[in-house]
Amino acid sequence: MLLGSFIFLSIVGLTVWVGWKQEEAVEIAIAQQRVDETAIRLQAMIKAANDTVSQAVSWANTFPQHAPYPGSAGLRRSVEQAIRQSEQGTFTLDQRGNLPAQERLGQLIGLNSVQQVDASHGVSHLDLAISLLDRMGSSQATSPFLRWTYFFSASEDLLALTPWASSAEMLGESPDIPTFLHSSWQNYDLTRMALPANNPQRQAFWTPAYLDQVGAGLMVSHAQPVYWGDDFVGVVAVDVLLNFLHEELRNFPDQDGTLLVANAYDQVLARRDQTIQSHSEITSLSTLLPMLSDTPDGVKQLGGSVQHDNLMLVDQLNNPHWTVLFLLPRNAITERVVASFMPQLLLALILVIGGALANIVLWRRFVAPTISVAEYVAKTADNTPPDPPEVPPLWRPWVAGMVQAFVERRRLFNDLAQANAELELKVAQRTQELMVANKQLTAQASTDPLTGAYNRRYLFELLSAEYARARRSAAAISVLLIDLDHFKRVNDNYGHDAGDAVLREFVERARNSVRSSDRICRYGGEEFVVLLPDCEAEGAMVLAERLRLSVAATPIQHAGHTILVTVSIGVAMLSSTDTEQSLLKRADQALYRAKNDGRNRSVLDMD
Ligand SMILES: Nc1nc2c(ncn2[C@@H]2O[C@H](COP(=O)(O)OP(=O)(O)OP(=O)(O)O)[C@@H](O)[C@H]2O)c(=O)[nH]1
C-alpha cells in the first residue's frame, strides 16, 4: 500500500516536473523566437544602408570605365562655375539657384586646387563626386533613417554630400573648408577606418555610434573605401540614424525584461527602456552587464545563457554585427509557466488528492476488512469462535454469511473429531474383544469343551513339539495313557450327566497330581493322555500312581450319588527308536496289560 502510494506520488511528481520543464522550454523558445524576429526585422531595415553603400562603391570603383558620365553635365557646369567664382581657394554649391531639380542633389565643397583630370585614370575625383551626387540623390527616399550619403576624396580636397545642406550647416564650428576637410580625415571614424593601412581588405565597415553634429541624433556610419585599381580614391559612406532602433524595440511583444541592441564596439545603441540623446548616454555593454567583462568576447558568450536571475536571449545581425539582447527575468518565466501550467498543476493536485482519497477508501472498504476477515478465518480454528470482524455495512451480509459458514464448519469439525474419538474407542474395544475371542477360539480349538483338558488334535501338536525338542536336547519324555475303568457302567447306572461330571472331576484331580509343565489331553471318550516332558519312566510311574490313587481314594459325589471310579494307566518313556506314534502305541499296550491285569493299576511298558 505504502509502496503503491509512493510510486503513484513519484509518477505524479515526475509528470509535473516534466510538464513544468516543457512549459519553461516553450516560454524560452517563444522569447528566443521574438528576439530572432526582431533581429531579422532590423537586418531588413538596415539593408537599405548596405545596398546604398555597396551600389555606390560598385559604381565608384568602376567609374573610369563609365566616364564621361553624361547624366551630371548640368551639375558639372554648375561646379565649374562655382570653382571659377570661388574666392580664397575653396568652392561650394551654395550658389546653385540655376540647378535643375536642386532638391534632389546635394552639397559639394572642395578646394579650387582639386584636380580636374587624373592623369593615370583619365577622370578626376571631382567627376566621381559629381556622378555620385547625381546617383545617390534619391537614396534617402528608400529609407527614412538614412541621413547623409557622402563621398570624401582621399586627396582631402573634396566632400560630396546628399541631401542638400548648406556649407555653413556642414562646417559647423570649423573655421574654414581646408581645415574641415583635413580634420575630417583625422577625426572621423569612417575616413580613418577606410585608409589602406587600416583596411587592407578594402571591406565595407560600420563605425562606432556617434552623435550627429547637426543634431539629427545618434547615428552610425556605414562606409567602404573606393579604389581605382591600386589607387585609393576615397570613401563612400551613409549615416544611419538610430532612432528607428528604439521604435523597433518598443514594439517588441514581450513587455518584461531588458531589451537592447549593441554593436561590435561594446556600445549599447538602443534600449527599450531609455532613449539615447547624447554621446554620454551611450553606455558600454560590458558596463551594463558586468559579467561580460570577464570574457574576451562577451557578446558571443551570451547565447541562451542564464545571467544571474535573468535568462539571456541573443541574436546577432550579420551586417552590421549588431546584437539583439533580451534579458528576461527568471521569475517572469516562472510566472508565465505557472499561468500556463496551472491547469495541469491543478489536475495533478486533483489526481494526487483523489489518489490519496481512493487509497484511503480502498484501504477502509476493502483491504482492512479483508485483513480482519482473514484474521477471523485464522481464529476459527479455536474452539470458541471470535466475535465477527468490524466491516463496512456493504460487507456485513457477506461477512455474516461467511461467519455462519465458518461456525458451522467448526461445529462439523468438532462433531467429526468427537465421532472419530468414539470410533477409535470402539475400535479399541472391539479389537480387545476380538483378541479375547481369538484367544478363546484358540483355546477352544485346542481344548476339550467338556473337561477343559487339551483335545486330541492339540495333543499331537504338543507331542510333535516335545518329541522334536527331546530329540534335539536328548531330554526324556514320558506319556501316561489313562482309561477310566468300566465307565460305561457309570453312564448306565447314573446317567450321562453323571458320566460327564466324572470326566470333569477326573481332569481336575489329574491337574492336581501333575506338574504345571505336564499336559493333560483327552485322547477320546474316557481315555486321557498326560504328556510328561523331562520325565523318566520311574518318575512317570510315580506320577501315574499318585494320580491313580487320587482318583481311587475318593469317590465322586454327583446328584446325591457316590460314584467310585478307578483308572488304568499305561506308562511309556520315549526310547531312542521311538516315533511319536510308537510311543503312544507302547503306552496303549501297557494300558491294555493294566486292564487285563485287573484294572486300577499302572503298568510301565518296559520296551
Ligand atoms: N457320560 C459319558 N460317557 C461317555 C463319554 N465318552 C464315552 N462314554 C462312554 O464310555 C463308555 C465306554 O465303555 P467301554 O468302551 O465299554 O469301556 P468300559 O465300560 O470303561 O470298560 P473298560 O474300559 O473295559 O473298563 C461307553 O458307554 C461310552 O458311551 C462321555 O463323554 N460322557
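Whatever order the structure lists ligands and atoms in, that order sets their numbers, starting from 1. Atom set for the values below is all heavy atoms of this structure, side chains included, hydrogens, waters and symmetry mates excluded.
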Evaluate Asp485 for polar contact with ligand 1, using N/O atom pairs at a separation under 3.5 Å. no

Nearest protein heavy atom to atom 20 (O) of ligand 1, by residue and atom, and its distance? Phe487 N, 2.7 Å

Decide, yes or no, whether a salt bridge links Glu248 with Arg41 under the criterion of side-chain N to carboxylate O below 4.0 Å. yes

Distance filter under 4.0 Å to Leu484 heavy atoms, resulting ligand 1 atoms: 20 (O)

Among Lys595, Arg599, Lys488, which residue meets the salt bridge (Lys or Arg N to Asp or Glu O under 4.0 Å) test with Asp483? Lys595

Give the residue, atom name and distance (to 0.1 Å) of the protein heavy atom nearest atom 6 (N) of ligand 1. Gly525 CA, 3.5 Å

How close does the nearest protein non-hydrogen atom get to atom 1 (N) of ligand 1, and which residue and atom is it? Asn491 OD1, 2.3 Å

Consider only side-chain N and O atoms of Thr451 and Asp448, and report whether a donor and an acceptor are under 3.5 Å apart. yes

Which residue owns the protein heavy atom closest to atom 30 (C) of ligand 1, what's the atom, and how far is it? Leu503 CD1, 3.5 Å

Shortest protein contact, atom 32 (N) of ligand 1 (heavy atom only): Asp500 OD1, 3.0 Å

Given Arg599, Arg522, Lys488, Glu526, which one has a non-hydrogen atom that is nearest to atom 19 (O) of ligand 1? Lys488

Please determine whether a side-chain nitrogen of the Lys or Arg among Arg504 and Asp500 lies less than 4.0 Å from a carboxylate oxygen of the Asp or Glu. no

Do we see a donor-acceptor contact under 3.5 Å between the side chains of Gln429 and Glu433? no

Identify, by atom number and element, the atoms of ligand 1 in contact range of Lys595, meaning under 4.0 Å from any of its heavy atoms. 22 (P), 23 (O), 25 (O)

Do any N/O atoms on His486 end up under 3.5 angstrom from N/O atoms on ligand 1? yes

Going by an N to O cut-off under 4.0 Å, is there a salt bridge joining Asp518 and Arg511? no

Determine, using heavy atoms of Glu527 and all atoms of ligand 1, whether some pair is separated by less than 4.0 Å. no

Working to the nearest 0.5 Å, report the span between OG1 of Thr283 and CG of Leu260. 8.0 Å

